[in-house]
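One structure is given below, encoded as structure tokens.
Below, chain A is the first sequence line, B the second, and so on; all start at residue 1.
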There are 2 protein chains.
Amino acid sequence: MEAGHKPLVAVDVAALSVWERRLWAVVVPRRAEPFRGRWGLPGGFIRMHESLDRAAERILTTETGLGDVFLEQLYSFGAAGRDPRARVISVAYYALVDWNQLQKSKAMGQTEVMRLHVPWAGEAGGAVELRAADGARLPTAFDHAEILGMAVKRIRGKLNYAPIGFQLLQKKFTLRQLQEIHETILNRKLNKDSFRRRMLSSGLLKATGRREADVDHRPGELYGFVRRSAI
Amino acid sequence: MEAGHKPLVAVDVAALSVWERRLWAVVVPRRAEPFRGRWGLPGGFIRMHESLDRAAERILTTETGLGDVFLEQLYSFGAAGRDPRARVISVAYYALVDWNQLQKSKAMGQTEVMRLHVPWAGEAGGAVELRAADGARLPTAFDHAEILGMAVKRIRGKLNYAPIGFQLLQKKFTLRQLQEIHETILNRKLNKDSFRRRMLSSGLLKATGRREADVDHRPGELYGFVRRSAI
DNA sequence: AAAATAGTGTCTATGAGACACTATAGT
DNA sequence: ACTATAGTGTCTCATAGACACTATTTT
């Protein structure tokens with residue numbers, strides 16, 4: 001059991017949100033080398049006495065101001081040359097954040113929210129692209145485009161059996177809003193009738209009796225999620 | 001970006017097999033403290049210039065003699081006190097090994113193959129137990145019972161959409177053998193007719209035209225898997 | 001012949017998709 | 001009235017489970 005030299009252990013967090021039928025990610029412009037001028041994920045090194053989960057929470061909160069969100073371990077990245085300065089093993093996490101909460105927390109950090117473009121279908125996987133408001137592709141740092149891609153792949157798969165769509169919405173939402181979230185994540189249209197049936201029969205939604213307001217059409221009923229889970 | 005002290009990074013491999021309708025795991029008796037006399041997973045520290053995947057392959061091969069098997073990253077474990085000697089982050093992998101290959105490689109290592117008892121149903125998750133031949137429960141080292149449990153949970157989930165059952169069989173096998181593998185992993189009976197239809201319509205099996213031998217009943221047709229994947 | 005499993009055919013239950021229809025909000 | 005979406009009812013199609021039956025091997 002000899003250790004040789006020790007790599008550094010970092011935790012990077014891919015925080016995703018959905019807005020206007022698009023996927024968005026929280027990123028940080030790099031002001032120092034390496035990858036200066038490129039965009040990276042919020043990340044940091046683990047402390048000696050904190051767990052991986054705690055490190056992910058701490059890093060997300062201090063870098064973005066976000067707290068009390070869905071946060072789950074994603075994958076560990078350890079290619080030898082992924083950081084040109086030193087050997088760094090990164091344990092990646094992903095977070096799902098509702099858009100309104102994200103806007104409120106934005107004042108805190110040096111982070112920006114950029115649009116994700118997913119150049120593959122289904123769960124094929126691979127790197128994704130960051131796009132600026134004008135549609136220009138933004139350069140990414142390290143292997144963070146792969147990490148973001150794996151986060152998208154993960155939530156696409158998870159949507160088939162877990163109710164993670166709720167994590168991207170406020171506490172009360174209509175079935176149409178929830179369907180829009182699912183369609184955005186999967187990047188395909190879903191059948192309305194089937195979606196309603198599936199959601200209502202899952203037992204995870206409870207009707208509030210209230211309806212949405214300020215829409216220029218018949219308002220839908222507002223539902224709540226039975227339990228709002230965090231790590 | 002200051003690193004503080006560096007934790008050690010280890011890779012542990014949960015190598016699983018199926019035989020006689022039971023799950024088995026490759027474990028190593030610990031001859032030194034901590035956890036002397038208990039049973040642990042094959043593991044080791046990562047080298048400075050090797051990737052995580054390569055480290056998992058190396059550790060599996062040197063400790064167990066196993067090569068060319070299905071090997072995939074599972075989860076990273078980083079609780080602060082999981083190793084009483086030092087801060088160790090362990091990136092866990094799981095491997096699926098066909099029983100005959102496992103018996104052949106056994107001569108090589110100091111490893112043993114022990115039966116797994118899974119005390120939870122479905123994909124509830126949690127630690128599993130190691131059992132000796134006489135049914136006695138064996139004590140485990142570190143958090144390795146949790147790692148093994150997560151490996152079982154993972155393959156149970158994966159069985160719903162991926163053909164990993166093949167990895168636990170020799171190149172040619174009958175549908176009954178494959179169904180037995182699935183039933184052992186899931187710990188429940190499956191419908192024969194439906195299982196046949198699902199497997200045959202998946203397009204992943206090709207009939208060989210040959211039949212099994214040395215069985216005391218009508219022999220089933222032997223099938224092969226379209227591609228034998230490794231990492 | 002008996003035992004055991006292989007393999008096929010068919011019926012039913014379930015769930016998804018398609019489609020049509022009615023209901024209700026804002027403009 | 002018009003538009004847009006909410007919400008319901010029903011038909012069809014695909015798939016899983018159940019069951020019955022025939023086929024084929026060893027003992």
Take the protein atom CG of A:Leu190 and the nucleotide atom C1' of C:dG15, then report the distance between them rounded to whole Å. 15 Å
Counterpart residues, salt bridge (Lys or Arg N to Asp or Glu O under 4.0 Å), relative to A:Lys172 (two or more places apart): none
Give the B/S/- string for nucleotides 22-27 of chain C, one per nucleotide from 5' to 3', where a protein heavy atom under 4.0 Å of the base yields B, of only the sugar-phosphate yields S, and otherwise -. -BBBS-
Measuring from B:Ile155:CD1 to B:Leu168:CG, what's the distance to the nearest 0.5 Å? 6.5 Å
Worked verdict on B:Glu183 versus B:Lys189 for salt bridge (charged side-chain N to carboxylate O under 4.0 Å, His left out): CA-CA 6 Å; B:Glu183 289 177 343; B:Lys189 282 283 176 193; 3.7 Å; yes
Qualifying residues under ring pair (Phe, Tyr, Trp, His ring centres under 6.0 Å), relative to A:Tyr161, sequence neighbours excluded: none
Is it true that A:Phe173 and A:Phe225 have ring centroids separated by less than 6.0 Å? no
Holding to salt bridge (Lys or Arg N to Asp or Glu O under 4.0 Å), I want the full list of residues that pass it with B:Arg218, two or more places apart in sequence or in another chain. none
Sugar-phosphate means primed atoms, P, OP1 and OP2; the rest is base. With that split, encode nucleotides 8-21 of chain D 5' to 3' as B, S or - using protein heavy atoms under 4.0 Å. BBB-----BBBBB-
Run the side-chain donor-acceptor check on residues 124-142 of chain A: report pairs under 3.5 Å with partners two or more places apart or on a different chain.
unit_1   : atom_1 : unit_2   : atom_2 : d
A:Glu129 : OE1    : A:Arg131 : NH2    : 2.8
A:Asp134 : OD1    : A:Ala136 : N      : 2.9

Would you kindly give the CD-to-C1' distance between B:Glu221 and C:dT5, to the nearest whole Å? 15 Å
Roughly how many Å is it from CZ in B:Arg176 to P in C:dA4, rounded to a whole number? 13 Å
